[in-house]
Amino acid sequence: MPKMYSKPSRPERVNENLVPKDETIKFLLDYSKALSVIDYQNLKFEALLN
Amino acid sequence: MNQSKTTDAVLVSSYLKGEESSLSILITRHKQRIYSFIYSKVFDRDVAEDVFQDTFIKVINSLKRGKYNEEGKFLPWVMRIAHNLVIDHFRKNNRMPKFENNSDFNIFSVLSDNSLNAEKGMIKEQVESDVRRLIEELPEDQKEVLMMRIYKDMSFKEISEQTGVSINTALGRMRYALINLRKVIDKHNIVLTN
């Protein structure tokens with residue numbers, strides 16, 4: 001019996017309809033709202049407001 | 001804002017002016033392509049979720065810091081960030097490789113855990129304490145030789161020197177100690193197996 005050196009193919013094919021979780025999207029939108037970048041004399045400060 | 005007609009460039013510029021809802025439209029518009037791209041590389045929902053999140057954190061940081069200057073090329077820019085983060089993920093994993101089990105081979109079939117589980121550990125303790133109690137029942141001279149040989153790991157030469165008897169006597173006492181132990185075990189039907 002010859003040895004098989006090939007890798008088995010992935011059991012699941014990539015589903016084209018994959019989307020991230022709603023929590024991830026919400027987190028990103030909240031992060032964006034909370035983040036403000038303050039310009040001060042050519043310096044940029046990041047502030048995360050809760 | 002009419003979501004379907006507004007271009008990415010317009011949305012980006014309105015986001016830069018403080019319109020947070022533009023980001024929501026951009027994410028909603030491109031989330032499927034970006035997430036599928038990441039998943040097609042990492043093949044793990046949780047990792048894909050993490051990389052997707054990190055990608056947009058970078059996007060948000062860059063936009064808010066005014067570092068984005070690729071007008072009209074929003075999606076390719078985000079895809080490039082995602083691609084770089086996927087590479088970072090694999091670099092990190094190469095430093096600490098993970099083994100992935102599949103249907104053909106399971107690593108746990110060749111790796112065994114030799115340590116005793118809780119039940120076997122308790123049985124072992126019980127067996128050992130039973131043996132100690134049985135040894136206590138032996139005549140003093142046999143018990144002495146057996147303790148020296150088994151628990152102190154002494155040679156018969158050392159035992160004979162310490163007890164002041166010949167090696168043959170020490171051997172004889174050991175032999176009788178074992179015979180007597182077996183007799184007691186048989187007589188009382190004591191089970192001493194793990």
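Everything numeric here is computed off the predicted structure, so don't read it as measured data. Every chain is numbered from 1, with letters handed out A, B, ... down the list of sequences.
- Taken together through direct or relayed side-chain contacts under 4.5 Å among Ile, Leu, Val, Met, Phe, Trp and Tyr, B:Y68 and A:L35 form part of one hydrophobic cluster.
- Smallest separation of non-hydrogen atoms from B:E49 and A:K21: OE2-N, 2.5 Å.
- Rounded to the nearest 0.5 angstrom, A:K33 NZ and B:S21 OG are separated by 9.0 Å.
- Placement of B:V42 and B:I81 within a single hydrophobic cluster is found when ILVMFWY residues are connected by side-chain heavy-atom separations under 4.5 Å, directly or transitively.
- Residues B:I87 and B:F56 fall into different hydrophobic clusters, defined by Ile, Leu, Val, Met, Phe, Trp and Tyr side chains chained together at heavy-atom separations under 4.5 Å.
- Side chains of A:S32 and B:Y15: a donor-acceptor N/O pair is present below 3.5 angstrom, by distance only.
- B:M147 is not connected to B:I179 by any chain of hydrophobic side-chain contacts under 4.5 Å among Ile, Leu, Val, Met, Phe, Trp and Tyr, and they are in different clusters.
- Residue B:I27 touches chain A through its side chain alone, counting heavy-atom pairs closer than 4.5 Å.
- Looking only at atom types and distance, the side chain of A:T24 has no donor-acceptor partner in the side chain of B:Q53 under 3.5 Å away.
- No side-chain heavy atom of B:F52 sits under 4.5 Å from any side-chain heavy atom of A:V19.
- Atom CG in B:L26 sits 12.5 Å away from atom CG in A:L28 (nearest 0.5 Å).
- Sparse packing is recorded around CG of A:D22, with 12 or fewer heavy atoms of other residues, nucleotides or ligands lying under 6.0 Å away.
- When the shell of 6.0 Å around CD of B:E20 is examined, it contains more than 12 heavy atoms from other residues, nucleotides or ligands.
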Just do the side-chain contact (heavy atoms from CB on, under 4.5 Å) check on B:N61 and A:Y31 with the steps written out, would you?
CA-CA 10 Å; B:N61 286 345; A:Y31 174 79; 2.8 Å; yes
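- The closest donor-acceptor contact from the side chain of B:K31 to the backbone of A:I25 lies at 3.5 Å or more, if one exists at all.
- Within the 4.5 Å cutoff, the side chain of B:F37 has no heavy atoms near those of the A:L18 side chain.
- For a residue to count as touching a neighbouring chain, one of its non-hydrogen atoms must lie under 4.5 Å from one of that chain's; by this rule B:R45 touches chain A with the side chain only.
- Under the 4.5 Å side-chain heavy-atom criterion for grouping Ile, Leu, Val, Met, Phe, Trp and Tyr, B:I34 is connected to B:F43 within one hydrophobic cluster.
- Within 6.0 Å of NE2 on B:H30 lie more than 12 heavy atoms contributed by other residues, nucleotides or ligands.
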